[in-house]
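Right, one structure below, let's go through it.
A, B, ... follow the sequence lines: proteins, then strands. Residue 1 opens every chain. As a basis for the values below, the full set of heavy atoms in this structure was taken, side chains included, without hydrogen atoms, waters or symmetry mates.
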Number of protein chains: 2
Amino acid sequence: MRARTEHVAKTGGGACAAEISVAVLGGAWKPSILTLLHERGVLRFGELGRELGGPTPKVLTRQLRELEEDELVIRTVFAQVPPKVEYSLSDVGRDAMPLVDELARWGADYASPQRQGERCGRTPSNSEEK
Amino acid sequence: MRARTEHVAKTGGGACAAEISVAVLGGAWKPSILTLLHERGVLRFGELGRELGGPTPKVLTRQLRELEEDELVIRTVFAQVPPKVEYSLSDVGRDAMPLVDELARWGADYASPQRQGERCGRTPSNSEEK
DNA sequence: CTGTATCCCGGCTGATACTG
DNA sequence: CAGTATCAGCCGGGATACAG
């Protein structure tokens, strides 16, 4: 478990267990990364960057490293040239997907009434509930 | 909707709708505040501070203001002396509670195997699922 | 009682450039 | 291809002190 996650888990700010989840899933691109990996299975660093369409390598690296430390994603390095690194969901990561999905659902639902927030495409199935 | 929330909703980082939820619920004491209000119904500023046992007035004020801006809590000011301000959940806030609860559930579940994370008491019912 | 005003710190995010 | 290095800005969170 990553330092920050553990910190939250202990001191926890006001420390409801919910804050642990937020600490783990709360990174800038993390929900998107997880969703993407969930849909596509296995992706390489470059693919992730392209699909997400935005994050600089540094940021993407960090998010992935944190997700790896928190054991949601698995990083596989192939010792070859050119370099090849694959990312995929771990069991814990797969376990988190329903939660991520609900976060997306609620977030879309929350934002849509007032602002026709365009789902970033990454929001998978679903469409309209309620 | 609060500026930051809207920012996330639009630009959204990698902007999955899930990030909107995180933006709204992700504050330091917010899950605890929401849970507390959900359990107790209506609470005053001082009560919240005491129950949460930690946040400085400034921080607590900020969290509450943000939750108010995001329309999850309702702030009622009584024009009298001494001052009296009551906080309660809005419909949107109540709507968010199942999600908060799942966040807490997953967070506890995530943390417990490796570390017998003491729930901060604020995690309500539940026990074990799965 | 319910906040505000300052000051501070650390972390997150991003841009740009460079490397094995 | 898959990162790392450096620099920078912004924001969140906390401590302390003060105010209506």
> Which comes earlier along DNA chain D counting from the 5' end, the contact point of A/Arg65 or that of A/Pro82, where each point is its nearest nucleotide?
Replying inline: A/Pro82

>> Closest-nucleotide mapping onto DNA chain D: is B/Arg62 or B/Pro83 further toward the 5' terminus? I mean the 5' end.
In response: B/Arg62

Nearest-angstrom distance from the residue atom [atom1] of [X] to [atom2] of [N]:
X: B/Leu60; N: D/dT16; atom1: CG; atom2: C1'; answer: 17 Å
X: B/Lys58; N: C/dT6; atom1: NZ; atom2: P; answer: 12 Å
X: A/Glu69; N: C/dC12; atom1: CD; atom2: P; answer: 11 Å
X: B/Arg75; N: C/dT2; atom1: CZ; atom2: C1'; answer: 9 Å
X: B/Phe45; N: C/dC1; atom1: CZ; atom2: C1'; answer: 9 Å
X: B/Glu47; N: C/dT2; atom1: CD; atom2: P; answer: 8 Å
X: A/Arg2; N: C/dG10; atom1: CZ; atom2: C1'; answer: 14 Å

>> Heavy-atom nearest nucleotide on DNA chain C for A/Arg4 versus A/Pro57: which residue maps closer to 5'?
In response: A/Arg4

> Does B/Ser21 reach the main-chain N or O of A/Leu103 with its side chain, forming a donor-acceptor pair under 3.5 Å?
Replying inline: yes

>> So does B/Arg44 get a backbone contact from the side chain of B/Glu47, meaning a donor-acceptor N/O pair under 3.5 Å?
In response: yes

Among [options], which nucleotide has an atom closest to any side-chain atom of [X]?
X: B/Gln63; options: D/dG3, D/dC1, D/dG13; value: D/dG13
X: A/Val59; options: C/dT13, D/dG3, C/dT6; value: C/dT13
X: A/Arg44; options: D/dG3, C/dC12, D/dC1; value: D/dC1
X: A/Tyr87; options: D/dG3, C/dG3, C/dC7; value: D/dG3

Quick one: label [X] by what it contacts on the DNA or RNA (base, sugar-phosphate, nothing), any heavy atom closer than 4.0 Å.
X: A/Phe78; answer: nothing
X: B/Arg50; answer: nothing
X: B/Gly49; answer: nothing

> Does B/Val42 belong to the same Ile/Leu/Val/Met/Phe/Trp/Tyr cluster as B/Val77, with side-chain heavy atoms less than 4.5 Å apart forming each link?
Replying inline: no

> Are side-chain heavy atoms of A/Asp101 and A/Thr35 found at a separation under 4.5 Å?
Replying inline: no

> Checking side chain to side chain contact (heavy atoms under 4.5 Å, CB included) against B/Tyr110, which of A/Asp95, A/Leu72, A/Leu25, A/Leu99 comes through?
Replying inline: A/Leu72

